[in-house]
2 protein chains.
Amino acid sequence: MDHHHHNAHHDADMEGAPLDEAFTPRQEEVLEAALGLLVEGGERAITTAGLARAANCSKESLYKWFGDRDGVLAAMIAYQASKVRVAVGGSGPQRPADTYRADLEGFGVDLLTVLSGPASLALNRLAIGQASREGSRLGDLLVARGRRAVSSRAKALLEAGRRAGHLRFEDTLDAFETLYGLILRDMHVRLMLGEHVPATNSDRAMATHVARAVDQFFRLYGADAQS
Amino acid sequence: MDHHHHNAHHDADMEGAPLDEAFTPRQEEVLEAALGLLVEGGERAITTAGLARAANCSKESLYKWFGDRDGVLAAMIAYQASKVRVAVGGSGPQRPADTYRADLEGFGVDLLTVLSGPASLALNRLAIGQASREGSRLGDLLVARGRRAVSSRAKALLEAGRRAGHLRFEDTLDAFETLYGLILRDMHVRLMLGEHVPATNSDRAMATHVARAVDQFFRLYGADAQS
DNA sequence: TCCGTACCGTACCGTTCGGTACGGTGTCAA
DNA sequence: TTGACACCGTACCGAACGGTACGGTACGGA
């Protein structure tokens with residue numbers, strides 16, 4: 001194995017350290033084209049020749065930049081995650097009850113908006129399709145890049161609510177996952193299966209659904225909840 | 001298009017009527033072999049030549065029975081669903097509160113057990129991977145065959161609980177989806193991504209998790225819940 | 001015995017795709 | 001002007017796969 005030492009992707013070790021791996025503008029153009037192909041055609045639509053044609057680049061450059069086809073897929077996930085890089089802002093240190101509730105609902109709507117977006121769905125489909133293959137890493141990559149960001153932002157939000165006296169819980173992660181389940185239910189899987197999910201059609205529908213979910217969450221974890 | 005009128009799969013219309021499509025024992029053997037290939041190798045492992053070799057049958061028979069490769073995939077989903085055919089038993093008409101709670105927990109453990117099983121995960125991965133491709137139907141098929149069965153059983157259980165005075169809710173489907181979300185959270189997606197989910201490792205872990213989820217469900221929909 | 005049916009195993013074909021090689025072009029620096 | 005560099009476009013190769021055709025075998029009924 002020659003190990004070209006191209007820009008550094010899909011190395012065998014890859015520790016927990018994110019190791020930003022910035023892409024050049026040209027590479028980002030190519031990855032954008034790849035995302036376009038993926039969204040409308042699925043994984044099979046990403047062929048090296050097809051991507052080179054769609055991005056007006058040469059196959060040789062693809063292999064120089066990303067190593068091989070799997071490297072392209074991994075780079076797509078890393079790139080998309082780098083775009084979504086949500087501002088994990090502390091959102092001010094103390095919010096009254098009603099605006100805090102609005103913060104939670106805003107998080108929920110953001111979550112629903114991102115996860116029902118075509119790019120997110122396509123990348124999740126890609127990672128899931130590759131998950132069966134041994135040693136694919138794409139799933140880990142997606143979880144590490146995508147979910148952890150959401151999780152950390154949500155957990156910060158929840159702990160702020162607890163400090164402010166709006167919420168009561170022991171395990172932050174557990175509370176977050178409950179909120180996640182109340183909001184998403186099985187919508188994510190159904191969306192990935194191609195089903196039509198009414199609650200994700202319009203902003204209005206999403207807002208009302210999230211409001212109900214947050215309402216349930218407060219009945220379970222609100223400061224005035226029994227037990 | 002000659003339209004061989006083989007055993008009747010993946011026709012263009014396919015109404016709501018299930019239309020059982022029984023398979024011959026030989027065909028079931030082949031589908032079982034295909035499931036084995038799928039579980040350990042993903043979709044790419046199901047090649048016509050490979051399946052013929054693994055099942056000791058000829059490619060010609062595959063095409064006679066299932067039409068083409070996509071027909072094999074659809075048949076696999078239909079076959080697996082026909083195996084899981086859960087007994088949607090009424091479970092007796094009136095259960096005291098504690099045993100009814102046990103019924104709910106039993107349902108939850110069954111749900112978790114099925115969805116975390118390798119065959120279910122592999123088929124869901126398959127359907128999701130095919131969902132991007134236009135006109136794939138596999139997602140619809142999986143939803144129709146799998147989810148609807150679970151959904152109808154659960155809704156019957158919930159309505160029995162309401163009739164018995166254990167639960168209070170307006171929309172049965174909504175209550176069911178809430179229960180679903182409380183139990184599964186995002187475990188299904190994470191499992192499909194290949195992640196390690198502790199709550200699905202042992203029967204003990206599943207039982208305790210489901211017990212907590214059902215507890216939360218009763219706090220939201222129990223007869224003694226406020227509002 | 002003969003024939004039809006169902007099936008297996010193998011060989012074969014056309015296409016697609018991943019990956020490599022090569023010639024040609026623009027650019028920047030010496 | 002020269003050369004190094006990065007890149008594009010095209011051509012090419014080998015392998016794998018979907019799908020078809022064909023010869024051979026077991027069986028069951030006339």
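Below, chains carry the letters A, B, ... as their sequence lines are ordered, and counting in each starts from 1. These numbers come from the heavy atoms of this one structure, side chains and all, not from hydrogens, waters or symmetry mates.
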With the criterion being N/O to N/O and under 3.5 Å, what pairs connect the protein with nucleotides 5-8 of chain D, and how long is each?
from  : atom 1 : to    : atom 2 : distance (Å)
D:dC8 : OP1    : A:R26 : NE     : 2.9
D:dC8 : OP1    : A:R26 : NH2    : 2.7
D:dC8 : OP1    : A:N56 : O      : 3.4
D:dC8 : OP2    : A:S58 : N      : 3.4
D:dC8 : OP2    : A:S61 : OG     : 2.8
D:dC8 : N4     : A:E60 : OE1    : 3.1

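- A:K59 has its NZ atom 11 Å from the C1' atom of D:dG9, to the nearest Å.
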Is there a side-chain contact (heavy atoms from CB on, under 4.5 Å) between A:L191 and A:L115 once you walk through the steps? CA-CA 9 Å; A:L191 285 169; A:L115 291 188; over 6 Å; no
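- Formation of a donor-acceptor pair under 3.5 Å by the A:R69 side chain with backbone atoms of A:I46 is found in this model.
- Following rounding to the nearest Å, B:Y63 (OH) and C:dG9 (P) show an atom-to-atom distance of 16 Å.
- Atom CG of B:L62 and atom C1' of C:dA6 are 14 Å apart (whole Å).
- Considering every non-hydrogen atom in both A:A131 and B:G194, the closest pair reads CB-N, 4.2 Å.
- Within residues 43-53 of chain A, no residue has any heavy atom under 4.0 Å from DNA chain D.
- If you measure from atom CZ of B:R133 to atom P of D:dG18, you get 12 Å, rounded to the nearest angstrom.
- Here the closest non-hydrogen pair linking A:V150 and A:L111 is CG1-CD1, 3.7 Å.
- Scanning all heavy atoms of the two residues, the minimum distance from B:V72 to B:L31 falls at O-CD2, 4.3 Å.
- Closest approach of B:A127 to B:I77, counting heavy atoms only: CB-CD1, 4.5 Å.
- In this structure, A:S116 contributes its side chain and A:L112 its backbone to a donor-acceptor pair below 3.5 Å.
- A salt bridge is absent between B:E28 and B:K83; no separation between the charged side-chain nitrogens and carboxylate oxygens falls under 4.0 Å.
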